Peer 1: 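One structure is given below, represented as structure tokens, and several questions about it will come after.
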Amino acid sequence: MTNSQQPKICLITGASSGIGYAIARALAAEGHTVVITARRQERLQELDAANVTMMAGDLTDPGFQEQVVNTVFDTYGRCDYLFNCAGSIEAGPVESIDIDKMSAMIRLNVEATFRLTYLVLKRFKAQGSGHVINLSSVMGTKVRPTAGAYAATKFAMEALSEALRMELAGTAINISCIEPGLVMTELHKDWAVHPRESMGIHDPLTVEDIVRTVKFIMEQPSHVRIPKLMILPGHHQI
Ligand code: NDP
């Protein structure tokens, strides 16, 4: 158990696979209450346990977001952590990227993340505490060819987070961005050549590496802020 040994109420998006799934599994195993969401119900059900509430739906739907937030607060009366893990990646040169898929990525990575943070922040303000943990990326701090659109979504997340940190300074509401390099998940499953090969990252991060990072952030005393934390695999060159 982390952070003063008290069970926490955690809302975790993108919890049907990869990083969100691993965070949800780890926090539930530690006795925290987790509310998990993603579109694929059958994958969420793999986390079935007494302290897990699952809500399947599309996070780009504002109505679904309101349903999720209302459920958390109606059921548990509070929320301690929001983990914004839902995200997608579309890559390609600016002049030839699939513009519709790119727009869908922006709706999820930027609009849905901003909207959910906005909704939960109002509740955090009312209860006087809370912590937003955003899954940004090393690509939220730099760019490379073919990654302009994805990097733009993560730069947007970083900008929102930094402004929020400033706006919330002196309150008990906290915001952190985790900035991983390549993590082995389903994120690149549709790519013809996985970045592990194309970027020569032979030993990528694992979801367990990200879970350790999350626990490190969660175990800090209340006067400490960790606005950004980058974690890279050893072969990361750019
Ligand atoms: P995964 O593809 O494994 O997980 C993405 C999650 O987002 C899934 O649970 C998926 O669930 C959910 N999701 C996708 N679209 C929607 C939607 N419209 N509505 C609701 N949920 C949705 O990827 P990762 O775990 O790797 O990615 C998690 C975050 O970490 C992302 O923001 C990613 O950008 C970031 N990141 C990942 C890195 C990596 O190398 N893997 C590196 C740096 C950052 P479902 O399909 O069931 O809806």
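As the structure is a prediction and not an experimental result, all values here were calculated from the model. Just follow the structure's listing: the first ligand is 1, and inside any ligand the first atom is 1.
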Peer 1: Cationic tip of K122 within the cone over F124's six-membered ring, i.e. under 6.0 Å and within 45° of the normal?
Peer 2: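 So K122 doesn't make the cation-pi contact.
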Peer 1: Given a heavy-atom cut-off of 4.0 Å, could you list the residues near ligand 1 in chain and number order?
Peer 2: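 Within 4.0 Å of ligand 1, protein side: G14, A15, S16, S17, G18, I19, A38, R39, R40, G57, D58, L59, C85, A86, G87, L108, L135, S136, S137, Y150, K154, P180, G181, L182, V183, T185, E186, L187, H188.
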Peer 1: Do you see a donor-acceptor pair shorter than 3.5 Å between the side chains of E179 and S136?
Peer 2: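 E179 vs S136: no donor-acceptor pair found between side chains.
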Peer 1: Apply ring-ring contact (aromatic ring centres under 6.0 Å, His included) to F83 and list each qualifying residue two or more places apart in sequence or on a separate chain.
Peer 2: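 Listed in chain order: Y81.
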Peer 1: Residues two or more places apart in sequence or in another chain: which of them pass ring-ring contact (aromatic ring centres under 6.0 Å, His included) with H223?
Peer 2: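 Testing H223 for ring-ring contact (aromatic ring centres under 6.0 Å, His included), a comparison that skips the adjacent residues, returns none.
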Peer 1: Test side chain to side chain donor-acceptor pair (under 3.5 Å) on T60 and D58 and set out the steps.
Peer 2: CA-CA 5 Å; T60 61; D58 190 330; 2.7 Å; yes
Peer 1: Quick one: ring-ring contact (aromatic ring centres under 6.0 Å, His included) partners of H188, sequence neighbours excluded?
Peer 2: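 H188 satisfies ring-ring contact (aromatic ring centres under 6.0 Å, His included) with W191, H194 once adjacent residues are dropped.
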